[in-house]
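Shown next, in C-alpha cells, is the structure this report addresses.
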Amino acid sequence: MLASTLQAAKLMQVYEDALQEDAELAIEKARLEQARAQMRQADSALLPSITASGDWRRQDPDGQDADTNLALTLEAQQVLFSGQAWYGRTAAAQAFSVAEAQYRDAEQELLLRASEAYFSVLRAEDNLRTLEAEERAIQRQLEQVREQHEVGLIAITDVLEAQAAFDSVRAARIGAEGALMISYEDLEQLTGQRYDRVATLNPEMPITEPVPSDRQTWVDEALYNNLVLRQAEAQIQAAEQSLKGNRAGHWPTVAAYGSYYTDNSEPSAVGGRPDSVTVFGIRAEVELYGGGRTSAQIREGSFALEEARSGGDLARRQILQQTRSLFTQVNTDVLTVQARQQAIRSAESALEATRSGYEVGTRNIVDVLNAERALWSAIRDHDAARYDYVVNQLRLKRVAGKLTVADLRELNTWLQSTES
C-alpha cells in the first residue's frame, strides 16, 4: 500500500524511498551479481575438477544364474596450460568491472533522478502558485473595470480586454494544476510512495559559481572519475582479453590427471584383468580442425574490440562536451538568477507606474494587464532559474563522477516545510 506522509517530505526522504523501490537500480544490481557469478564460472576452468562415475550391469547370457557387475571410476584433473581458460578468466574479471561501474553509475544516476523529480514538483508548485496569484490579481482588475463601466467611466472594450486576460490566465492555471498532479505521480513512480506535499527551497539559499571555478579542472575530474568512461575502458580491456582467448583456441591445452577404476566382476579366464586400476598422467589436446569455428570467433572478437574502442572514443567526446556545457550552464544560471531578481524589481516598478498612469488617464487597461502579467511572469522565471541552477549543479557533479549522498544532504538543509 502507498504511504501518505503527514508532513512535507524533504529531498533525503524522497531519495531514501527511491533507494528502496527503484527498479532501474535493482536491475543494475542483478546484472552486477550475474557478472560476479560469470567471473566465478571462469575461475573454475583453472581450478581442479573431480568427477565420479559408476556402471551397474546385470548379465544373463545363457538363461542360467545372472552376473551382477558394478564398476566405479574416480578422476581428478588440473589444467596446467589453457590459453582460452586464462584469457577467459581475465575477460570475465573485466566484464565484472564493467558491471560494477554500471552499478555505481546507476547509484549516482538515482541521486540525480530523485533530485530532478523532487524539484520538478517544486517547479510545478511555484508555477501554480504564481498563476493563482496572477488570476486573483486580474480578477480584481476585471471587477474594477466592470464597476467603472457600469457607471460609464470606461468603454466596454476595457471590460472585454480584462475578461480575455482573465480567461487566459485561468486556462493556464488549470493546465498548471494538471502538471502538478503529474509531477507528484512521477515522484510516486520513482519512490513507490505518495506525498501530500514536499518542502520548499529556502529563498536564502546561496547561488554561487561552481567550486572549483576553473573549467579545465572539472574536465580533468570528469575524465578521471566519470563512471561511463570507466565502463568504456573496462569494456575495451574485456574485449582485448576475449580476443586473446579466441586466438588461443588454436593453442594446445595441457592438463594433469589421475584416475582410479574398480570393477567387482570376475576377471576373464584368458588374460585376466585386475579388479582396480590407478592411473596418473598428463594429457594434451589441440584442435586440428573445428569447421572454421575458431577463425570465426577470432573475427567476431576483432570486431567486438573495434566496437568497444569506438564506443570509448564516443563516450570520451560526449563527457568532454557535457562537462564543458554544464560548467558554462551553471555559471550562466548564477547570472540568470541575479538578472531575474532585477527583472522582478523592474516589473514591480513598471506595474506601479502603469497603474498610476491608468488612474490619471495616460495609460489604458491593456497596459495595466500587460504590466500585471509581466510581473508574475518575472516571478515564475526567477523561480525556474533557481531550480535550473540547483539541478544543473547536480548534473555537473554527476558528469564529473563526484555526485554523492552528501551533496543531497547539504541541499536538504536548505529545504523548509511551509504551512499549506
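- Taking 4.5 Å as the limit, every side-chain heavy atom of Val198 sits out of range of all side-chain heavy atoms of Lys10.
- By the 6.0 Å contact criterion, OH on Tyr224 is open, its count of non-hydrogen atoms from other residues, nucleotides or ligands being 12 or less.
- Side-chain atoms of Asn331 and Pro210, non-hydrogen and from C-beta on, do get closer than 4.5 Å to each other.
- Around CD of Glu352, the count of heavy atoms belonging to other residues, nucleotides or ligands within 6.0 Å does not exceed 12.
- Between Arg173 and Glu134 no salt bridge is recorded (no basic side-chain N to carboxylate O distance below 4.0 Å).
- The shortest heavy-atom contact between Tyr261 and Asp263 is OH-OD2, 3.3 Å.
- Val277 has its side chain within reach of Val279: a pair of non-hydrogen atoms, C-beta onward, lies under 4.5 Å apart.
- Not counting sequence neighbours, the partners of Arg129 by the salt bridge (charged side-chain N to carboxylate O under 4.0 Å, His left out) test are Asp126, Asp383.
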Only distances under 3.5 Å count here; give the side-chain donor-acceptor pairs of residues 332-350 to other protein atoms, sequence neighbours excluded, each with its distance to 0.1 Å.
| unit_1 | atom_1 | unit_2 | atom_2 | d |
| --- | --- | --- | --- | --- |
| Thr332 | OG1 | Thr328 | O | 2.8 |
| Asp333 | OD1 | Gln329 | NE2 | 2.9 |
| Asp333 | OD2 | Asn392 | ND2 | 2.8 |
| Thr336 | OG1 | Thr332 | O | 2.7 |
| Gln342 | OE1 | Arg345 | NE | 3.4 |
| Gln342 | OE1 | Arg345 | NH2 | 3.0 |
| Gln342 | NE2 | Ser346 | OG | 3.4 |
| Ser346 | OG | Gln342 | O | 3.1 |
| Ser349 | OG | Arg345 | O | 3.1 |

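- Salt bridge absent: Glu143 and Arg140 never bring a charged side-chain N and a carboxylate O closer than 4.0 Å.
- Side-chain contact check for Tyr15 and Asn412: no donor-acceptor pair (N or O, by modelled atom type) lies under 3.5 Å.
- With respect to Arg194 and Glu188, a salt bridge is recorded, a charged nitrogen being found less than 4.0 Å from a carboxylate O.
- Counting heavy atoms from C-beta on, the side chains of Thr253 and Val286 never come closer than 4.5 Å.
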Between Leu305 and Ile236, is the side-chain contact (heavy atoms from CB on, under 4.5 Å) condition met? List the steps. CA-CA 6 Å; Leu305 177 57; Ile236 291 172; 4.2 Å; yes

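- Heavy-atom minimum distance, Ile138 versus Ala162: CG2-O, 4.1 Å.
- Within 6.0 Å of atom CZ in Arg113, more than 12 heavy atoms from other residues, nucleotides or ligands are found, so the atom counts as buried in its surroundings.
- Counting only residues at least two apart or on different chains, the side chain to side chain donor-acceptor pair (under 3.5 Å) pairs with a member in residues 75-87 are Gln77-Arg283.
- Among residue pairs with one or both ends in residues 94-103, those qualifying as side chain to side chain donor-acceptor pair (under 3.5 Å) are Gln94-Gln237; sequence neighbours excluded.
- For Glu125, the side chain to side chain donor-acceptor pair (under 3.5 Å) test picks out Tyr184, with sequence neighbours left out.
- Residues passing the salt bridge (charged side-chain N to carboxylate O under 4.0 Å, His left out) test with Lys244, sequence neighbours excluded: none.
- In this structure a side-chain-to-backbone donor-acceptor pair under 3.5 Å is missing from Ser242 to Ala239.
- Nearest heavy atoms, Thr354 versus Ala371: OG1-CB, 3.9 Å.
- Within the 4.5 Å cutoff, side-chain heavy atoms of Leu411 are placed close to those of Met205.
- Two residues are said to be in side-chain contact when any heavy atoms from C-beta on lie closer than 4.5 Å; Leu190 and Leu110 meet this criterion.
- Listed by first and then second residue, the side chain to side chain donor-acceptor pair (under 3.5 Å) pairs involving residues 301-315 are Glu240-Arg309 (not counting sequence neighbours).
- Contact record, Pro203 with Arg386: CA-NH2, 3.3 Å, taken as the closest heavy-atom pair.
- Shown here are the salt bridge (charged side-chain N to carboxylate O under 4.0 Å, His left out) partners of Arg299, two or more places apart in sequence or in another chain: there are none.
- Between Asp105 and Arg398, at least one side-chain nitrogen of the basic residue sits less than 4.0 Å from a carboxylate oxygen of the acidic one, meeting the salt-bridge criterion.
- Between the side chains of Gln163 and Arg146, a donor-acceptor pair is found at a separation under 3.5 Å.
- Residues passing the side chain to side chain donor-acceptor pair (under 3.5 Å) test with Arg136, sequence neighbours excluded: none.
- Applying the 6.0 Å contact sphere to CD of Gln189 captures no more than 12 heavy atoms from other residues, nucleotides or ligands.
- Although no hydrogens or angles enter the test, the distance criterion places a donor-acceptor pair under 3.5 Å between the side chain of Asn370 and the main chain of Val366.
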For residues 26-33, tabulate all N or O donor-acceptor pairs below 3.5 Å that involve a side-chain atom, not counting sequence neighbours.
| unit_1 | atom_1 | unit_2 | atom_2 | d |
| --- | --- | --- | --- | --- |
| Glu28 | OE2 | Arg31 | NH1 | 3.0 |
| Glu33 | OE1 | Arg36 | NE | 3.2 |
| Glu33 | OE2 | Arg36 | NH2 | 3.4 |

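- Ring geometry, Phe327 versus Trp218: the interplanar angle falls from 30° to 60°, so the pair is classed tilted.
- Shown here for Leu72 and Gly54, the closest heavy-atom pair between the two residues is CD2-CA, 3.9 Å.
- Of all heavy-atom pairs spanning Leu201 and Tyr387, the tightest one is CD2-CE2, 4.0 Å.
- Inter-residue side-chain proximity for Leu415 and Asn202 is flagged as unmet; no heavy-atom pair is nearer than 4.5 Å.
- Partners of Glu233 under the salt bridge (charged side-chain N to carboxylate O under 4.0 Å, His left out) rule, at least two apart in sequence or in another chain, do not exist in this structure.
- No donor-acceptor contact under 3.5 angstrom links the side chains of Ser213 and Glu209, judged on distance only.
- Between the side chain of Ser325 and the main chain of Gln321, a donor-acceptor pair closer than 3.5 Å is present.
- Residue pairs satisfying the salt bridge (Lys or Arg N to Asp or Glu O under 4.0 Å) criterion with at least one member in residues 399-411, sequence neighbours excluded, are listed as follows: Glu221-Lys402, Lys397-Asp407.
- Two residues are said to be in side-chain contact when any heavy atoms from C-beta on lie closer than 4.5 Å; Leu408 and Ser115 meet this criterion.
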